[in-house]
Amino acid sequence: MSGKNIVFLILLLFIPVSIAAHYLEWGDLTVFITAGLAILPLAAWMGTATEEIAVVVGPTLGGLLNATFGNATELIIALVALNAGLVNVVKASITGSIIGNLLLVMGLAMLLGGLRHKEQTFQPIVARVNASAMNLAVIAILLPTAMNYTAQGIGESTLQYLSLAVAIILILVYALTLLFSMKTHAYLYDVGIAETEENESHEKPNVMFWSIVLLVSTLLVAVESELLVDALEVATSQLGLTALFTGVILVPIIGNAAEHATAVTVAMKDKMDLSVSVAVGSSLQIALFVAPVLVIAGWILGQPMDLDFQPFELVAVVVSVLIANSISSDGKSNWLEGTLLLAAYAVLGCAFYFHPVVGGMG
Amino acid sequence: MSGKNIVFLILLLFIPVSIAAHYLEWGDLTVFITAGLAILPLAAWMGTATEEIAVVVGPTLGGLLNATFGNATELIIALVALNAGLVNVVKASITGSIIGNLLLVMGLAMLLGGLRHKEQTFQPIVARVNASAMNLAVIAILLPTAMNYTAQGIGESTLQYLSLAVAIILILVYALTLLFSMKTHAYLYDVGIAETEENESHEKPNVMFWSIVLLVSTLLVAVESELLVDALEVATSQLGLTALFTGVILVPIIGNAAEHATAVTVAMKDKMDLSVSVAVGSSLQIALFVAPVLVIAGWILGQPMDLDFQPFELVAVVVSVLIANSISSDGKSNWLEGTLLLAAYAVLGCAFYFHPVVGGMG
Amino acid sequence: MSGKNIVFLILLLFIPVSIAAHYLEWGDLTVFITAGLAILPLAAWMGTATEEIAVVVGPTLGGLLNATFGNATELIIALVALNAGLVNVVKASITGSIIGNLLLVMGLAMLLGGLRHKEQTFQPIVARVNASAMNLAVIAILLPTAMNYTAQGIGESTLQYLSLAVAIILILVYALTLLFSMKTHAYLYDVGIAETEENESHEKPNVMFWSIVLLVSTLLVAVESELLVDALEVATSQLGLTALFTGVILVPIIGNAAEHATAVTVAMKDKMDLSVSVAVGSSLQIALFVAPVLVIAGWILGQPMDLDFQPFELVAVVVSVLIANSISSDGKSNWLEGTLLLAAYAVLGCAFYFHPVVGGMG
């Protein structure tokens, strides 16, 4: 059994601990931390199970499965929080996930990979297609904020309609992106797939086993997300953190832990193509799939979920995309570029820490 | 006779129809639509006539002719509207033309070209020089808006002086761009020219004939522009459209129809160099030549025409330029990239549709 | 003796003249102009002395010396002005130095180099690393402004803490950048160094002589900076200039004169690598080293020096970085690209000239 799995088994112990903490009222802070830790191994197993099943069911269905379950942890946490009315935290976690994947995940991967390997390369073609899709998605998601900020007298219902229209366009674009990467131009993505396959055992995975793992992990993540979200409001205010900081920095670190581990591990094995794919692809999924689904879910749940973010979130996302583009566009990376991404994340983190309180969690 | 010419002859019938509609008072909406349709074949013939004459008079004079008459339709409509005092519509049509050429025209060309050809290539060198000139032009045009938005207490006369100063700098830059592309670095643009020439018949065009076509089309466009502008205010408010939406979306679609048709047709013939040239070149002409001429014309006509746009127009133009740069900078295109441009246009269109009313047409 | 040295000797005469002008009260305008002229040869000798000593003490220590003394003139003027309480002028001179190096210095170098040589090339790799570091630095420096502009109710002390945090992160990044360029990835910068060495005489420079030159020049620049700063407030208001225009346009032209001369001279000799290095490297030093040092110095001197700039300065810097990136990213330049940079500088200069007065000098 590998060291990773031992750590996972220990972390699993936090599932009963967090449930006990909840019912025995050990305090919201304890529930928040233990539930957060319990989610980590579950998220990792959801990821592994998805990939194993994807291998068996073939590239097309497998790609769809990956595309839908790839950010399942974030999506589940966000849906639970949305249902609990924590609209502001959910909104902030969308921008936070984008920022976190582009700066923290990619930065740490490039830094740790770059410390082992002098210069690492990855396919600039895929990086460029992704960058263009990312630019569009970010522009679309931030447009309602930009409009609300620059024009006077926009009603809440106008923002809601505009957000819905944007969400529908983005989901269409997401479907077309999948069509492009899995059907019409799949050959562009071949290298990445080949690298992934190297990792796989040559035995055929047991679909039944992995389906059960996927099902159980998904259910437990939902359960734990409930505990996490219930405890969130009190716990973070005990720590002196605002809703904005919680949503932008704290929630995405828990939700993206699995991508984080994957991206860093493969970067250290010099599989930079895959590492950048995971980081940028995850941001892309958040922007093109998770965010629109949350807008539509909010509309169905009767929660006022629109795409009107804090103006400073707009600044932070634009800045993250620009710096990630500038660093990844040449298809090369080194430790300094990783450091620059991390420094950008640190600077943004400081700014969000000092950002004045705006509204509450909901 | 080709199918295109038959369509043109049918559209020509709208010239007498629109005049009749005007004098017999069939309603402003009818006049607006018929005048809009009548302008399409005239714009196309103005373009053809300019190119034919350009072949005979040689590259230098021909280039100048192309540079001056290339966006003649937009310029005529805008001058007529400016003279009628529709300053807000004119301003919006400047940003709308830039957005429309970069996103709608280039997007449709890349999509339809990309459906026929797996991957299309074009010269990145020319794309880069154009992109840099475009960046400068957009920055210059939007600077008065940015200053008015970020600083307090700027007088109208200050904005007017700043706009005039910017206009003069831009016209100088435009002249230098022509010098660069036609004299000192003409060889960079050779491929594009060669592709154009393939299309030409090898007989020498009849200058006298095409001069008359150019003269008559130009006169008729002016006439029809008067009808269009007269009917515009009532017609668009009957359709429930704001001045901003009319200027940014509707007017540029009429004014740019010729470029639109050319860019898409040549893209489907896999002449992507020419297609991108037409789309980006047309945006560039709007920014470096049409906009400054309108500022100076407004000053002469005593209309308060400056470069102070709606802040959201600034956002839209910056966004369009960034995404067009990101997609065209690698000299390759495919159907997904075309779709991304069109999606960006759709999102911006929604936003302008929902944008609250600001002032009237004038 | 070369023509350059004769000009320098004549300019040296302005040292006694400016001191006389100060004590004999010939008027603040006279003191300002003569002190400005006196600084020019001193700045050049500080530069030469630093480089000569750097050759002897070896690449590591020499690189550190260059990194610290490279923008010594700006730093000294800014520290003197900061001590005199001219906080607004100091802040404006930071953004002005970045804008001036990227647009004016690089623009003039590309224009004059491009008039002699049809197309000039430079290493895109170094340009890219620099561009990424520049993007980060600019983002970090402008973040407090963006936060103050987009969020309501930020206290002065919050901005001060955020600025200090940003300053510390930037100085760390600067140290890591030096480590990268001088140790771990020095080979990327080899071409630039080889070109520099060509210029050097093959004799070993006299360290003692150059140390004395460095010491004396540094002292005299301090002296003259005092005169310049003392006279600045009255002199510029006599010329009808605002604190903003003085800080953004006037002070950086004096402070950057040495880089200016070097970048243009080597560009005309077709050493474009070195020319771009000087211009971008100098901007980078301002952003990663001079600005943070000034924030920390302001905190020590008890001056309210933070990184909260005029919002329009933020626009100007972002615009400069974008256009400089777009022009330098392909590793090629020509006279038109130089002209575009200069036109951007001219447009920004006009805007700052017309910018309404905000606060005084301090």
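Everything numeric here is computed off the predicted structure, so don't read it as measured data. Letters go in sequence order (proteins before strands), and every chain restarts at 1.
- At a 4.5 Å heavy-atom cutoff, the contact between C:A165 and chain A is made by side-chain atoms alone.
- C:S275 places no side-chain N or O within donor-acceptor distance of the main-chain N or O of C:M272, the cut-off being under 3.5 Å.
- Heavy atoms closer than 4.5 Å to chain A are found in the side chain of C:I139, but not in its backbone.
- Between the side chains of C:E119 and C:N334, no donor N or O sits under 3.5 Å from an acceptor N or O.
- In this structure, the separation between OG on C:S163 and CD1 on C:I296 is 11.0 Å, given to the nearest 0.5 Å.
- Looking at A:Y149, only its side chain comes within 4.5 Å of chain C, counting heavy atoms on both sides.
- The closest side-chain donor-acceptor pair between A:S326 and C:N325, if any, does not fall under 3.5 angstrom.
- If you measure heavy-atom distances from A:L314 to chain C, you find no contacts under 4.5 Å at all.
- Between chain A and the options C:L143, C:V166, C:V318, C:L179, heavy-atom pairs under 4.5 Å are most frequent for C:L143.
- Proximity to chain C is limited to the side chain of A:V315, based on heavy atoms less than 4.5 angstrom apart.
- A:I98 and A:S283 make their closest contact through O-OG, 3.5 Å (heavy atoms, listed as atom of the first residue, atom of the second, distance).
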